[in-house]
Protein chains: 2
Amino acid sequence: MNKHRTLLKHHKLSLTAVRLGVLEALDAQPHSSVEEIFAVVKDKIVTTSKQAIYNNLNTLVKHGIIREIKPKGEPSRYETRVGDNHHHLICRECHMIVDTDCFSGAPCLEPMDDHGFNVDEAEILFWGICPSCQNNTNKEGSKDE
Amino acid sequence: MNKHRTLLKHHKLSLTAVRLGVLEALDAQPHSSVEEIFAVVKDKIVTTSKQAIYNNLNTLVKHGIIREIKPKGEPSRYETRVGDNHHHLICRECHMIVDTDCFSGAPCLEPMDDHGFNVDEAEILFWGICPSCQNNTNKEGSKDE
DNA sequence: CCAAAATATTGATTTTGTCAAAATTTTTAT
DNA sequence: ATAAAAATTTTGACAAAATCAATATTTTGG
Ligand SMILES: [Mn+2]
Ligand SMILES: [Mn+2]
Ligand SMILES: [Zn+2]
Ligand SMILES: [Zn+2]
């Protein structure tokens, strides 16, 4: 995958094995957690460390190359889909995350009253139960976690 | 404040000093953190513990009596304003949080594509710079954190 | 007032993530 | 291609936020 090399060059970021591994892992599995990314990268680069994953994710976020999502009470997730201000559905049971586009009608960046804030991002999380968990609940009766 | 006693009774929750203290603290200062609530409650009930604050906040959230907000990279905030699906502006610099009403036009609970999810909450965080921090930045030049 | 249930207190533990220093790799400039 | 400089990686210690668990205390309902 050469687009990552080009992208990193554009941002004057070093082109390292771990960094490329992180980007590939995220392309393959959007909304991954640090643990998940680490597992994938470790498969290719056995000597890698969790700290290197953290470092790279933070650097990539700072440069706007990836985006961080941090749902209440869960570790951060990351994705390479940036710059389109899309939003997320998250399942209260299995914590699965899926993309959903921005409303076409509603201007996300314009709250009813902005109180003088200079708003640059509208982060929207739709909380609910995913189709699969809806089924499970129906079949197994009332069951927690 | 007797409305809190009534409210707790409705939910069959014990009426304890700490619990009432938490609700009063939150009424007085919406979007407070555990630390802030603890400080306020401790002022009245010197023997209280942080764990009691955590316990109570969790219980109150479960019962829908208060609401939890958890912005990326910050401790949770709590508020007694519930049930109106309002949203929040948060300052990237000073982390101040202010309320903003739901769009009137856009139906918050209806994402463009719900992917079969049973959505019950739309959590919207508007990120930006608050008026006060805009001033500081202008006056002090480019300054970080 | 008394027993049962709920809550509070205390201290240990977990999870997620940062910090810091030395070792290695990558880049930049001869 | 090579050497110095810069960036990244590795390792281990550390920190913040929150939960868990056991015992003590308070609250409730009778
Ligand atoms: Mn996404
Ligand atoms: Mn609010
Ligand atoms: Zn699910
Ligand atoms: Zn501010």
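No experiment lies behind these values; they were computed from the predicted model shown. Letters go in sequence order (proteins before strands), and every chain restarts at 1.
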Nearest-Å distance, [atom1] ([X]) to [atom2] ([N])?
X: B:Glu74; N: D:dA18; atom1: CD; atom2: P; answer: 11 Å
X: A:Leu13; N: D:dT9; atom1: CG; atom2: P; answer: 10 Å
X: B:Arg77; N: D:dA18; atom1: CZ; atom2: P; answer: 10 Å
X: A:Leu60; N: D:dT9; atom1: CG; atom2: P; answer: 10 Å
X: B:Ile53; N: D:dA17; atom1: CD1; atom2: C1'; answer: 15 Å
X: B:Glu35; N: D:dA15; atom1: CD; atom2: C1'; answer: 13 Å
X: B:Gln51; N: D:dC20; atom1: CD; atom2: P; answer: 9 Å
X: A:Lys42; N: D:dT9; atom1: NZ; atom2: C1'; answer: 12 Å

Identify whether any heavy atom of [X] sits under 4.0 Å from a base atom; if not, whether one sits that close to sugar-phosphate; answer base, sugar-phosphate or nothing.
X: B:Ser49; value: base
X: A:Asn55; value: base
X: A:Thr59; value: nothing

Covered region of DNA chain C, 5' end to 3' end, by chain A [heavy atoms, under 4.0 Å]: C:dT16 to C:dT27
Checking [X] side chain against [Y] main chain: does a donor-acceptor pair fall under 3.5 Å?
X: A:Thr100; Y: B:Asp113; answer: yes
X: A:Thr48; Y: A:Ile45; answer: no
X: B:Glu79; Y: B:Ile66; answer: no
X: B:His115; Y: A:Asp99; answer: yes

The helix from C:dC1-D:dG30 to C:dT30-D:dA1: angle between end helix axes, five pairs per end, rounded to 10 degrees: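 Rounded value for the end-axis angle: 50°.
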Closest-nucleotide 5' rank along DNA chain D - winner of B:Tyr54 and A:Thr47: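 Going by which nucleotide is closer to the 5' end, it is A:Thr47.
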Nearest-nucleotide comparison on DNA chain D, the residue closer to the 5′ end among B:Lys70 and B:Lys9: B:Lys70
Under-4.0 Å salt bridge between B:Lys44 and B:Glu24: no
Pairing of B:Asp27 and B:Arg81 as salt bridge, 4.0 angstrom limit: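 Judged by the 4.0 Å cut-off on N to carboxylate O distance, B:Asp27 and B:Arg81 do not form a salt bridge.
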Nearest-0.5 Å distance, CZ of residue B:Arg5 to CG of residue B:Leu7: 12.5 Å
Value rounded to 0.5 Å, distance of OH in A:Tyr78 from CD in A:Glu68: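 CD of A:Glu68 is found 4.0 Å from OH of A:Tyr78.
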A:Lys72 atom NZ: more than 12 heavy-atom contacts under 6.0 Å: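 For A:Lys72, atom NZ is crowded (more than 12 foreign heavy atoms under 6.0 Å).
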Per A:Ala52 side chain, nearest of listed nucleotides D:dT10, D:dT28, D:dA17: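 Closest nucleotide among those given: D:dT10.
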B:Ser76 vs D:dA18: side-chain N/O to OP1/OP2 distance below 4.0 Å: yes
Phosphate OP1/OP2 of D:dA6: any A:Lys12 side-chain N/O under 4.0 Å: no
Closest-nucleotide ordering on DNA chain C, the 5'-leading residue of B:Thr48 and A:Pro75: B:Thr48
Minimum side-chain heavy-atom gap A:Ile37-A:Leu57 below 4.5 Å: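 Touching, per the 4.5 Å side-chain cut-off.
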